[in-house]
Amino acid sequence: LGSGMLASAVALVMAAGLLGAQASAAEGWLTSYDEAIAAAKKTGRPIVANFTGSDWCGWCIRLKDEVFETKDFKEWASANAILLEVDFPQQKAQDAATKAKNQQLSQQHGIQGYPTILILDAAGKKTGELGYMQGGPKVWLAEFVKQYKGGGKK
């Protein structure tokens, strides 16, 4: 009976993990740099790479709540960008390969703090950098467009 309960608990934890991954994917945020690069090459869209501490960084959480979780941002992003979350959580579980890749990306791009949102082209080259800004999605998106267009694309 004890081992049956353990198996049930393990199954529940695994199902919750899968649901969490699906929920994140459903929001449109990729967690694989390679997938984001491939999608950018295929679509010609820039990558919005969100370097975040999703479960501990107050400004990261505010940015997510005030901009990334809004209908305006989600509609804009679905038509105009590839979303990549490069997360450095303190409480949430993260596999070793993702941790190592995220650390490598952070070093490669010289990330100094969170949130740092990079605008990357399909080759992974930085064309702009943003962070938290007051004013919600309209202010944030206006700055994105300004920097993206300033980066020599479109």
Side-chain angles (χ1 to χ4, degrees), residues 14-95 97-154:
M14 288 175 66
L18 288 172
L19 288 173
Q22 289 172 347
S24 184
E27 292 171 16
W29 290 90
L30 299 173
T31 55
S32 164
Y33 176 78
D34 295 334
E35 285 180 29
I37 291 291
K41 285 179 180 171
K42 183 177 174 185
T43 63
R45 296 177 184 167
I47 298 168
V48 175
N50 179 20
F51 288 78
T52 183
S54 67
D55 64 359
W56 61 269
C57 166
W59 292 110
C60 302
I61 294 165
R62 284 185 69 173
L63 179 61
K64 182 177 180 184
D65 291 345
E66 294 175 18
V67 177
F68 298 152
E69 291 292 316
T70 65
K71 183 177 177 234
D72 286 348
F73 178 83
K74 288 178 181 181
E75 286 176 358
W76 172 86
S78 70
N80 296 290
I82 304 301
L83 303 177
L84 173 65
E85 183 180 79
V86 185
D87 197 7
F88 298 86
Q90 290 183 351
Q91 306 299 319
K92 279 194 290 191
Q94 190 177 55
D95 66 77
T98 301
K99 244 182 218 176
K101 184 65 177 176
N102 288 358
Q103 193 60 46
Q104 184 254 323
L105 288 170
S106 177
Q107 289 173 347
Q108 177 185 332
H109 290 289
I111 303 302
Q112 299 291 315
Y114 308 105
T116 298
I117 296 79
L118 299 183
I119 305 168
L120 304 175
D121 65 16
K125 180 177 169 267
K126 179 174 120 174
T127 61
E129 182 174 325
L130 298 94
Y132 172 83
M133 284 180 269
Q134 279 190 312
K138 287 184 179 26
V139 169
W140 199 90
L141 289 170
E143 181 62 23
F144 175 93
V145 168
K146 184 172 123 187
Q147 287 198 31
Y148 180 59
K149 288 188 176 173
K153 251 184 105 126
K154 292 183 190 172

*So, for Ile37 and Ala122, which heavy atoms are closest and what is the spacing to 0.1 Å?*
CG2-O, 3.3 Å

*State, to 0.1 Å, how close Tyr114 and Ser106 come at their nearest heavy-atom pair, and which atoms those are.*
OH-OG, 4.3 Å

*Mind checking what makes side chain to side chain donor-acceptor pair (under 3.5 Å) contact with Lys126, not counting sequence neighbours?*
Glu129

*asked:* Checking Asp55 now: which residues fulfil side-chain contact (heavy atoms from CB on, under 4.5 Å) with it, not counting sequence neighbours?
replied: Pro89, Gln90, Gln91, Lys92

_Please enumerate all residues that pass ring pair (Phe, Tyr, Trp, His ring centres under 6.0 Å) together with Phe144, with sequence neighbours excluded._
Trp76, Tyr148

*Would you name the heavy atoms of Ile111 and Gly113 that are closest together and state the gap between them?*
CG2-O, 3.5 Å

_salt bridge (charged side-chain N to carboxylate O under 4.0 Å, His left out): pairs with one or both residues in residues 133-142, sequence neighbours excluded_ = Asp72-Lys138

_Which atom of Val48 lies closest to which atom of Ala81, heavy atoms considered_ = CG2-CB, 3.8 Å

*Non-neighbouring partners of Gln134 that pass side-chain contact (heavy atoms from CB on, under 4.5 Å), sequence neighbours left out*: Arg62, Tyr132

*Determine, step by step, whether Ile47 and Ile119 satisfy the side chain to side chain contact (heavy atoms under 4.5 Å, CB included) criterion, reporting the C-alpha distance in whole Å, the side-chain angles of both residues, the deciding distance to 0.1 Å, and the verdict.*
CA-CA 6 Å; Ile47 298 168; Ile119 305 168; over 6 Å; no

*Roughly how far, to the nearest 0.5 Å, is SG of Cys57 from CZ of Phe51?*
13.5 Å

*asked:* Contact between Gln103 and Gln107 at the side-chain level, heavy atoms closer than 4.5 Å - yes or no?
replied: yes

_Test of understanding: with side-chain contact (heavy atoms from CB on, under 4.5 Å), list the residues that count as partners of Glu143, not counting sequence neighbours._
Leu130, Met133, Lys146, Gln147

*Under the 3.5 angstrom rule, does the side chain of Arg45 hit a backbone N or O of Ala77 as a donor-acceptor pair?*
no

*Please list, chain by chain and in numerical order, all residues satisfying salt bridge (charged side-chain N to carboxylate O under 4.0 Å, His left out) with Lys71, sequence neighbours excluded.*
Glu75

*By side-chain contact (heavy atoms from CB on, under 4.5 Å), which residues pair with Thr98, not counting sequence neighbours?*
Gln94, Asp95, Asn102

*ring pair (Phe, Tyr, Trp, His ring centres under 6.0 Å) with Tyr33: which residues, sequence neighbours excluded?*
none

*Considering all heavy atoms of both residues, which atom of Pro115 and which atom of Asn50 are nearest to each other, and what is their separation?*
CB-OD1, 4.3 Å

_I'd like to check the salt bridge (charged side-chain N to carboxylate O under 4.0 Å, His left out) partners of Glu69; sequence neighbours left out, ordered by chain and number._
Lys74

*Looking at OG of Ser32 and CG of Leu84, how far apart are the two atoms once the value is rounded to the nearest 0.5 Å?*
8.0 Å

*Are Thr52 and Asp87 close enough that a side-chain donor and a side-chain acceptor fall under 3.5 Å?*
no

*Tell me, please, which residues at least two apart from Lys41 pass side chain to side chain donor-acceptor pair (under 3.5 Å).*
none

*Please report the shortest heavy-atom distance between Val67 and Thr70, naming the atom on each side.*
O-OG1, 2.7 Å

_Pairwise distance CD1(Ile82) to CG(Leu120) - rounded to 0.5 angstrom_ = 11.5 Å

*Do the two ring centres, one from Trp56 and one from Phe88, sit under 6.0 Å apart?*
no

